[in-house]
Amino acid sequence: MTDSAKPTLMVVDGHSLAYRAFFALPVENFTTKDNQHTNAIYGFLSMLVNLIKAEQPTHMAIAFDTSRHSFRTDQYPEYKATRSESPQEFRGQVPLLQDVLAAMSIPVLTKEGIEADDILATLSVQGAEQGYDVLLVSGDRDTIQLVNDKVTLLYPSVQGVSQLKRYDPATVHERYGVRPEQYPDIAALVGETSDNLPGVPKVGEKTAVKWLTQFGSLDELLERAEEIKGVVGGNLREHVEDVRRNRRLNRLLTDVELPVAPADLATAPIDAQAVRDIFARLEFRTLLPRVFDAVGASDESVHDEPAVAMPAPIESSVSELAQWLTDQSEELAVTLVTGGGEISRIGVASMTELRETDWSEATADALRSWLESDSAKVLNDAKPQVKALLRAGIRLGGLEYDTLLAGWLLRPSFPDKTLAHLVDRYLDERLPVADPTQLVPETDGATPSQEAWFTLRAAAALRDDVPESVATVLTDIELPTLLALADMEIAGVAVSHDVLSTFSGELAARTDGLATDAFALVGREFNLGSPKQLQEVLFEDLQLPKTRKTKTGYSTDAAVLADLQESNPHPFLDLLLQHREATKLRQIIESLDTAIRDDHRIHTTYVQTGSQTGRLSSTDPNLQNIPVRTEESRRIRSAFEVGEGYETLLTADYSQIEMRIMAHLSGDEGLIEAFNSGEDLHRFVGARVFGVEPSEVTSAMRTKVKAMSYGLVYGLSAFGLSKQLRIEQSEAKKLMLEYFARFGAVRDYLRASVVKAKEVGYTETIFGRRRPFPDLTSPNRVLRENAERAALNAPIQGSAADIMKIAVYEIHADLRAEGLRSRVLLQIHDELVVEVAPGEWDVTEKIVRTRMADAADLSVPLDVQVGRGHDWNEAAH
DNA sequence: TGAGTTCCGTA
DNA sequence: TTTACGGAACTCAT
């Protein structure tokens, strides 16, 4: 408190400040796991807390607008009419913010037909009369008129909500050149675009101030308007009525009837538990201690102490540990410290006890039976640990939960997939981490059993949050898949260095030749791989027409170059395209070759949490983007061979799985019939769309409906379709209309699924996997439409991913259960590559075919194509 | 050394 | 103005 004995009354325009916060803070950082946006609430509270701490008000209230309707709109319907409606994401936050304020015992004032600023005006007058120092906080300039010796205005500066500028009469005069009560006169003359109040044309602040100084008052000025010369004088005379109206509307009411008087607004103790509860719901953590600090309340629960005290890790001998493990009846968490694929230490935790020991062969022997048993185990990021155990000859049993996978299933878009983040988010505690920048860290990182303990507790918290359908996806799809992937990664795939290097040599000779020829055509040498230098050559040296713009210049991608070749043929373009193609192949070969390990095989890593749809991704190297489209590029696939001790490779792929899912989900009778007819899909669809017999469908017709069918799944537009097929947009539009005339249920389904997603905030696959889409209700059209297309696609791509995962783990399990050596090696979204041991072809093929076909029970059959060959290319035929 | 951009390979 | 990925090369700033 200040040394003045005077009480301070602080009145805040909640609406205008929360609205500023809404636009100032990126919404993606402020979204709870239920997809509740909280950026406006957070920003407002953050500012409020700072204010309370700095100003120490003795009395306080927050005023809100009730609706767009007010006495001003009654008088002048156009008032604020150009202001677009505040977005739903904002409006949804206001009631929550008011709940928070209630918990903080801060009165919220609203009155039907009255704007927040009028409440501020009324309280400021009452407060000043009754001997308070009045502090107004508002983002609306009209409140400047309220400033006087007893009333100070805090107004957000351009930099943002956190910076408030303090206006007393002197600062107002300094800034606007008039006394505060004259500010509305200026505003009336100049007009206020944001309120849709036009002023006098060509009159800005400077002119307005000059006139007011000259004539002393607005009334005087309007009386003697004929004395003003020139165009502005004419403008003023023509707009006298507008000015009077503006002045009428921007006068704030100082006599609003309120249920409270300043004396009723004395600050009261906050309801600590209520604040904690609502902050937990809003997932605010750092704000909680700031609130308690600002209001001078103490709260022990906010000081980072774990809800449960962490037991001290017990260093155990191997035999003690083995004994302890068999004594436990509850689920345990396990953490293996691995490095270079080797295990160095193991930690195990129950809720109450932490045990750990170094890993050695003796450890492996002693713990094997427990590790392989069905005893329930929880791990975080189990796959690398499962692999390390497999290398040590132990097959982990009883894997009940993986917190990494659970966290990803809840929020597939969240990039931070560390245990530290899960602990932070779901336990609201901090996982101890060693400071990596210090040679001798001041703080120790968590030991393995401590990590296990946090994992166990994070799992409990996650189980509370994960909806049942998602929990089923984790248990029935992801965990079994994890075990299959571990074996696939360890198996790897045999790749011939010789085949690769022969091809690479040929390509090297070719790229050199192409570059030489290209430089000769241009007349100088440059870096063909540099988009920047290439632009100089294309658009300056060769004077080709400018293409599609990119952030940094003009595009030179393959599609653009093909367009250029059509409109402005130039031999250089051809050479460039060929050079690109050949260098790309060389790159791919190079990365594959360096990835071949001593066992002559490549071991990719499947990232189970690598996509937002449920697909896998593949890294180091990526084996899901090996070229296949051109005859030549398929030579790379021929380097992927059957390994030693095996007989042949088997490839199996789902044909048109996404269209089949579409048929199933939409229930479109035409599409279902297409798949049941046995006819080629695109031929069947083409016949329907173009009204001809299937035998009469030309390849051009087939190409068109094929592009249309595939495009559907992506939310393709007529524009995109025309671009892809290189046809007129009108023709593309016609094609879409014809298509939907025959397969209308498809369109109905796609539309309905986006509407549903908008309602519930997420999409769902056939098996219950969810993907949240907060942007579906975004006021930003680009964001919203992007989200709509992704939401259209997610259930389809995701269901296909679910089906393939089910097939993979069932095939994996069957092969093992039958005691076969044949094994799954690769998964490329809708294709599997299997290595078949001598004599096992028939049984393996049968398992693969039936498990893939039966992975889901849809209203159309799942068609599986199987191929056999010595290498991947051959097996694809 | 690292972030951002462009381009391109796959399903 | 077509979904989902990983990765190489280049550019520019640090």
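Protein chains get the first letters and strands the later ones, always in sequence-line order, with residue 1 at the start of each.
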Round to a whole Å and report the spacing from [atom1] of [X] to [atom2] of [N].
X	N	atom1	atom2	value
A:Trp872	B:dA11	CH2	P	8 Å
A:Leu577	B:dG9	CG	P	10 Å
A:Leu592	C:dG6	CG	P	16 Å
A:Lys584	C:dA9	NZ	C1'	10 Å
A:His579	C:dA9	NE2	C1'	13 Å
A:Asn622	B:dA11	CG	P	11 Å
A:Leu585	B:dG9	CG	P	8 Å
A:Tyr606	C:dG6	OH	P	13 Å

What does [X] touch in the nucleic acid at a heavy-atom separation under 4.0 angstrom: a base, only the sugar-phosphate, or nothing?
X	value
A:Glu658	nothing
A:Val607	nothing
A:Leu716	base
A:Gln533	sugar-phosphate
A:Gly610	sugar-phosphate
A:Ser633	nothing
A:Arg781	nothing
A:Ala558	sugar-phosphate

Practice problem: Answer yes or no as to whether C:dT2 has its base stacked against A:Tyr714, where stacking requires a ring-centre separation under 5.5 angstrom and planes under 30 degrees apart. | Solution: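 Aromatic stack with C:dT2 absent for A:Tyr714.
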
Choosing from [options], which nucleotide comes nearest the side chain of [X]?
X	options	value
A:Phe719	B:dC7, C:dT1, B:dT10	C:dT1
A:Arg789	C:dA4, C:dG7, C:dT3	C:dT3
A:Thr552	C:dA9, C:dG6, B:dT6	B:dT6
A:Asp620	C:dG7, B:dG9, C:dT2	C:dG7
A:Asn625	C:dT11, C:dG6, B:dA11	C:dG6
A:Lys532	C:dT11, C:dT3, C:dG6	C:dT11
A:Ser611	C:dA8, C:dC5, C:dT11	C:dC5
A:Arg580	B:dC7, C:dA8, C:dG7	B:dC7
A:His829	B:dA11, C:dT11, C:dC5	B:dA11
A:Gln797	C:dT3, B:dT6, B:dT10	C:dT3

Self-check item: Donor-acceptor pair, side chain of A:Tyr749 and main chain of A:Gly744, under 3.5 angstrom
Solution: no

Please check the phosphate of [N] (OP1 and OP2 only) for any side-chain N or O of [X] closer than 4.0 Å.
X	N	value
A:Arg615	B:dA11	no
A:Thr550	B:dT5	no
A:Ser530	C:dT11	yes
A:Thr619	C:dG6	no
A:Ser717	C:dT2	yes
A:Asn527	C:dC10	yes

Exercise. Starting at CG of A:Asp557, measure out to OG1 of A:Thr550 and round the result to the nearest 0.5 Å.
Key: 9.5 Å

Quiz item: Measuring from A:Ile796:CD1 to A:Leu750:CG, what's the distance to the nearest 0.5 Å?
Solution: 5.5 Å

Quiz item: A:Tyr714 versus A:Leu792: any side-chain heavy-atom pair under 4.5 Å?
Solution: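 A side-chain contact under 4.5 Å is absent here.
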
Quiz item: Can you tell if the side chain of A:Asp593 reaches within under 4.5 Å of the side chain of A:His497, non-hydrogen atoms only?
Solution: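 A:Asp593 reaches A:His497 side chain to side chain.
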
Quiz item: When you check the gap from the basic side-chain N to the acidic O, do A:Arg524 and A:Asp541 get nearer than 4.0 Å?
Solution: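 Judged by the 4.0 Å cut-off on N to carboxylate O distance, A:Arg524 and A:Asp541 do form a salt bridge.
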
Quiz item: Between A:Phe519 and A:Phe526, is the gap from one ring center to the other below 6.0 Å?
Solution: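 When the ring centroids of A:Phe519 and A:Phe526 are compared, they turn out to be within the sub-6.0 Å range.
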
